[in-house]
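Shown next, in structure tokens, is the structure this report addresses.
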Amino acid sequence: MSVSDQGATVWLTGLPSAGKTTIAYALAERLRDEGHRVEVLDGDEIREFLSAGLGFTREDRHTNVQRIGFVAELLASNGVKALVPVIAPFADSREAVRKRHAAEGTSYLEVHVATPVEVCSERDVKGLYAKQAAGEISGLTGVDDPYEAPESPDLRIESHTQTVRESASALHALLTERGLA
């Protein structure tokens with residue numbers, strides 16, 4: 001199996017508006033240019049199609065993460081680089097996904113996009129922080145709902161201190177170091 005045929009799941013966790021999806025798409029473009037098969041499993045798209053009907057309780061968030069983890073592992077075990085920019089706020093949910101990958105012998109990397117909540121609320125890509133501040137929504141991860149940051153991720157990216165290209169390059173370097181790119 002050539003390197004480009006070897007799949008892997010790269011889970012990018014972090015707060016809303018941390019830069020997870022932007023970094024994932026930048027990395028996906030670079031990997032595709034190098035001949036890799038790549039899919040981005042965007043959390044918003046998954047919620048719309050695969051996890052429609054789930055809310056934002058701890059149980060529903062866990063179910064959503066497990067569904068995404070199952071699809072990611074399925075893709076990765078078939079030679080696809082599955083890039084997963086999904087908050088996945090609870091450590092036990094992420095660990096269950098890691099264990100599923102390990103049981104199947106599939107490469108799994110956890111990347112913490114460690115952008116401070118103050119920066120995320122300034123970016124506020126989807127207007128969630130403004131809605132939460134106005135009292136229109138509650139349960140915003142990292143504000144009035146918990147976010148358990150990874151204690152020892154495979155890579156920690158501080159997207160507020162570097163460009164998207166630099167963040168994607170750091171992640172590409174990790175994949176290369178692990179023999180996956």
Side-chain angles (χ1 to χ4, degrees), residues 1-16 18-28 30-32 34-47 49-51 54 56-115 141-142 145-159 167-181:
M1 180 183 298
S2 75
V3 170
S4 64
D5 292 336
Q6 187 175 355
T9 294
V10 179
W11 198 292
L12 295 93
T13 179
L15 297 175
K20 300 176 301 296
T21 302
T22 304
I23 294 166
Y25 278 107
L27 178 62
R30 180 170 176 181
L31 290 171
R32 283 187 187 110
E34 294 173 355
H36 298 275
R37 294 187 311 151
V38 181
E39 289 295 334
V40 177
L41 300 179
D42 181 275
D44 293 331
E45 291 175 4
I46 296 288
R47 273 212 174 260
F49 298 106
L50 187 63
S51 294
L54 290 180
F56 292 91
T57 64
R58 184 179 178 103
E59 295 76 21
D60 282 357
R61 288 177 190 261
H62 180 78
T63 298
N64 184 50
V65 168
Q66 297 316 297
R67 287 178 183 176
I68 296 167
F70 173 80
V71 172
E73 195 286 322
L74 189 65
L75 289 168
S77 68
N78 284 283
V80 176
K81 304 289 189 291
L83 308 182
V84 186
V86 173
I87 295 169
F90 300 109
D92 61 344
S93 295
R94 295 189 306 266
E95 184 58 24
V97 171
R98 179 187 294 278
K99 285 180 179 174
R100 170 186 288 281
H101 281 70
E104 298 298 327
T106 305
S107 296
Y108 177 88
L109 301 173
E110 183 178 69
V111 178
H112 181 205
V113 183
T115 307
T141 301
D145 213 44
Y147 176 74
E148 299 169 356
E151 291 182 17
S152 55
D154 295 284
L155 178 66
R156 192 175 315 277
I157 293 175
E158 297 188 2
S159 72
S167 295
S169 289
L171 189 42
H172 189 276
L174 175 65
L175 287 169
T176 301
E177 174 187 305
R178 301 283 173 93
L180 298 167

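What you see below is based on every heavy atom in this structure, not just the backbone, and it leaves out hydrogens, waters and symmetry mates.
For Arg178, the side chain to side chain contact (heavy atoms under 4.5 Å, CB included) partners two or more places apart in sequence, or in a different chain, are Leu109, Asp154, Leu174, Leu180. Residues passing the salt bridge (Lys or Arg N to Asp or Glu O under 4.0 Å) test with Asp145 are Arg61, sequence neighbours excluded. A search for side chain to side chain contact (heavy atoms under 4.5 Å, CB included) contacts involving Ala149 returns His112, Tyr147, not counting sequence neighbours. With sequence neighbours excluded, no residue forms a salt bridge (Lys or Arg N to Asp or Glu O under 4.0 Å) with Asp42. The salt bridge (Lys or Arg N to Asp or Glu O under 4.0 Å) check on Arg67 picks up nothing, with sequence neighbours excluded. Applying the salt bridge (Lys or Arg N to Asp or Glu O under 4.0 Å) criterion to Arg30, with sequence neighbours excluded, gives Glu34. For Ser51, the side-chain hydrogen bond (donor to acceptor under 3.5 Å, both in side chains) partners are Asn64, not counting sequence neighbours. Taking the side-chain hydrogen bond (donor to acceptor under 3.5 Å, both in side chains) definition, one finds that Asn78 meets it with nothing, sequence neighbours left out. Under the rule for a side chain to side chain contact (heavy atoms under 4.5 Å, CB included), the partners of Val40 that lie at least two apart in sequence or sit in another chain are Ala24, Tyr25, Ala28, Leu83, Pro85. The side chain to side chain contact (heavy atoms under 4.5 Å, CB included) check on Ala26 picks up Val164, Ala168, with sequence neighbours excluded.
A donor-acceptor pair under 3.5 Å is formed between the side chain of Arg32 and the backbone N or O of Val38. No donor-acceptor distance shorter than 3.5 angstrom exists from the side chain of Lys20 to the backbone of Trp11, with no hydrogens or angles considered.
The heavy-atom pair separating Ile157 from Ser167 by the smallest distance is CG2-OG, 3.4 Å. Shortest non-hydrogen contact noted between Gly179 and Gln6 is O-OE1, 3.7 Å. Among all heavy-atom pairs drawn from Gly142 and Leu15, the shortest one is CA-CD2, 3.6 Å. Minimum heavy-atom separation, Pro153 to Pro150: CD-O, 3.7 Å. When every heavy atom of Ala72 is checked against every heavy atom of Val84, the shortest pair comes out as CB-CG2, 3.9 Å.
A side-chain donor from one of Ser159 and Thr115 sits under 3.5 Å from a side-chain acceptor of the other.
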N/O donor-acceptor pairs under 3.5 Å from side chains in residues 96-106, not counting sequence neighbours:
| residue | atom | partner | partner atom | Å |
| --- | --- | --- | --- | --- |
| His101 | ND1 | Val97 | O | 2.9 |
| His101 | NE2 | Thr9 | OG1 | 2.7 |
| Thr106 | OG1 | Glu73 | OE2 | 2.5 |

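Residue pairs meeting the ring pair (Phe, Tyr, Trp, His ring centres under 6.0 Å) criterion with at least one member in residues 57-99: none, sequence neighbours excluded.
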Practice prompt. Step by step, work out the side-chain contact (heavy atoms from CB on, under 4.5 Å) result for Leu175 and Leu31.
Written response: CA-CA 10 Å; Leu175 287 169; Leu31 290 171; 4.1 Å; yes
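If you take CD1 on Ile68 and OG on Ser93, they are separated by 10.5 Å, rounding to the nearest 0.5 Å. Residue Glu39 holds its CD atom at 11.5 Å from CG of Leu74, rounded to the nearest 0.5 Å. The CZ atom of Arg156 sits 10.5 Å away from the OG1 atom of Thr13 when rounded to the nearest 0.5 Å.
Using a 4.5 Å heavy-atom threshold, the side chains of Arg58 and Asp92 count as touching. When side chains are defined from C-beta on, Leu12 does not count as touching Leu27, because their heavy atoms never get closer than 4.5 Å. In this structure, the side chains of Leu41 and Val86 stay at 4.5 Å or more apart for every pair of heavy atoms. For the pair Leu54 and Arg47, the minimum side-chain heavy-atom distance is below 4.5 Å.
A cation-pi contact, defined as under 6.0 Å to the ring centre and within 45° of the axis, is absent between Arg94 and Tyr108.
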